[in-house]
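Hydrogens, waters and symmetry mates are skipped; everything else that's a heavy atom, side chains included, is used. Order of the sequence lines sets the chain letters (A, B, ...), proteins ahead of strands, with each chain counted from 1.
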Number of protein chains: 2
Amino acid sequence: MPSPSVFHEVLCAVFQVREHLPGEPPVLSVLLWQRAFDPQAGSWSLPGGSLQADEDLKSSALRQLAEKVDLRQVAHLEQLSVFSEPDRIPGPRVIASSYLGMVPSDSQPNLPQDTRWHPVSMLPEISFDHRKIVERARSRLAAKLSYTNIAFALAPAEFSMSALSDIYCAALGYPVDSTNLLRILSRRGVITATGTVGRTGPSGGRPPALYRFADKQLRITDEFATLRPPL
Amino acid sequence: MPSPSVFHEVLCAVFQVREHLPGEPPVLSVLLWQRAFDPQAGSWSLPGGSLQADEDLKSSALRQLAEKVDLRQVAHLEQLSVFSEPDRIPGPRVIASSYLGMVPSDSQPNLPQDTRWHPVSMLPEISFDHRKIVERARSRLAAKLSYTNIAFALAPAEFSMSALSDIYCAALGYPVDSTNLLRILSRRGVITATGTVGRTGPSGGRPPALYRFADKQLRITDEFATLRPPL
DNA sequence: ACAAAAGTGTTCGTGCTACACCCATGG
DNA sequence: CCATGGGTGTAGCACGAACACTTTTGT
């Protein structure tokens, strides 16, 4: 192995569906911190940092999130792609492995001063190539919502179907009918009824049945939309 | 950036659908080379090697395939995941980025002595964690066959539908009806008729119409099997 | 004429969307 | 008893699987 070794960093696009304006439906938001110093002081960056000698990438991602932004409730974390252009950031070469992370909508982590949730529909100025990572994370999340149970990582432990369809709507960017969503997800065995009911809302209405996700691990629920095996 | 830099290698799982036994339908095969020296002398490895200072990962992968196994007709190459366990191979730490590559079934690259195509159904002893990479590449390929036009990278420039369904069959591991395949792919605009016909086979029969792929770039052709946007 | 392979048409099932209608609760 | 939201039922459609039937060639 005669060739040069390089630095390696992990960058995490962590999403939460959260209320941005009170009374409005919740929106998909991503966790960013603001750079205090150059390069690109003032712009917003993804949390992350450099890989240590004794950890693999995923452990590193979890460590950085816990240490730097005090985030410990990551319900799901998966690899996106690697960004390896030699000049992707100024200074010595750093290869970035990007991750998609998600925290449930009911968790309220304590964040440092420089760190904030930003609705993905109104992102501030983003550092380096981090915007591309956010975009990729977003589209990966949208795609996986349709054929996996990945929403378990965005939803609280128990939820009404209208709350869940709000989450899908926020993540996908278009309305999702809660009545059909129930049928799809229960037929696939993704969610199960708890048997309990929630409280009725502030403006009246029937109290909703509550559901939970059957698994808290990622599962493919709709493999092979087409070209499936015979029999 | 106080932390250690590490070596970084690229590993390519390159597939071709090729005739293994004459007269039999073609099978999905992967390109491997046999290690002459320890560690793990005799076992078979994926082509690849270490990243240079001035190249990104994809360029590196293409370079290594051209230099080391004289392979220049790679029709598609995409990133799989990164393997970063500190002790994944003996010796100093090396992080591996894995790639999925594909070669059209009609190209016949010249291979070095130690390099050979192996049907994925009868793999030899594989080095280190390379088997895991082959498996992942295989399942990624199978998945993408159903919702993208990725078969363009496995098929020759022009082909009959029965030849194409042989390719799908080899890559998926189960039979694919050529008549339905035609309908699916032409409806999606993935393939178009050339207007010409091929030669009839050695055992007689009607000469087949020839088709070609409309794009030679990867395209998603069946986004959102479910939960699609309204209207 | 017959075998072999390609191409066409038809039936059927499945799964999702859309929407109308019914139910439960608070004021 | 009415407004508000939750839940159920149903019709329709789009797409693909399976398979029978027809067409075109070589021998």
B:Arg228 side chain N/O closer than 4.0 Å to the phosphate oxygens (OP1, OP2) of C:dC16? no
For A:Arg219, is the CZ atom crowded, meaning more than 12 foreign heavy atoms sit under 6.0 Å from it? yes
What is the separation between atom CG on B:Leu185 and atom P on D:dA17, rounded to the nearest whole Å? 11 Å
Between B:Ser81 and B:Arg136, does any side-chain donor sit less than 3.5 Å from a side-chain acceptor? yes
CZ/B:Arg116: more than 12 non-hydrogen atoms of other groups inside 6.0 Å: no
Do A:Ser45 and A:Ser127 meet the criterion of a side-chain donor-acceptor pair at a distance under 3.5 Å? yes
Under 4.0 Å: is that the gap between some side-chain N or O of B:Ser162 and OP1 or OP2 of C:dA6? yes
Base, sugar-phosphate or nothing for A:Thr179? Non-hydrogen atoms, less than 4.0 Å. base
With a 4.0 Å cut-off on heavy atoms, is A:Thr226 in touch with a base, just the backbone sugar-phosphate, or nothing at all? sugar-phosphate
Judged by nearest nucleotide, the residue sitting upstream toward the 5' end of DNA chain C, B:Ser160 or A:Arg187, is B:Ser160
Separation of atom CG in A:Leu182 from atom C1' in C:dC19, rounded to whole Å: 16 Å
Just to be sure I understand the rule, does B:Arg188 reach a base, reach only the sugar-phosphate, or reach nothing, if contact means heavy atoms closer than 4.0 Å? sugar-phosphate
What pair of heavy atoms forms the shortest contact from A:Leu28 to A:Arg138, and how long is it? CD2-NH1, 3.7 Å
Atom-pair distance (CG on A:Asn180; C1' on D:dG9), nearest Å: 12 Å
Need to verify one output field. Residue with the more 5' nearest nucleotide on DNA chain C, A:Asp177 or B:Leu210? B:Leu210
Donor-acceptor pair under 3.5 Å: do we get one between B:Arg183's side chain and the base of C:dG7? no
Between atom CG in A:Leu181 and atom P in C:dC16, what is the gap in whole Å? 11 Å
Starting at atom CZ of A:Phe159, determine the distance to atom P of D:dG6, rounded to an integer number of angstrom. 14 Å
Without decimals, in angstroms, what is the distance between A:Asp222 CG and D:dG16 C1'? 14 Å
Atom CZ of B:Arg206 to atom C1' of D:dT25: distance rounded to whole Å? 9 Å
When the distance from CD1 of B:Ile191 to C1' of C:dA6 is rounded to whole Å, what number comes out? 14 Å
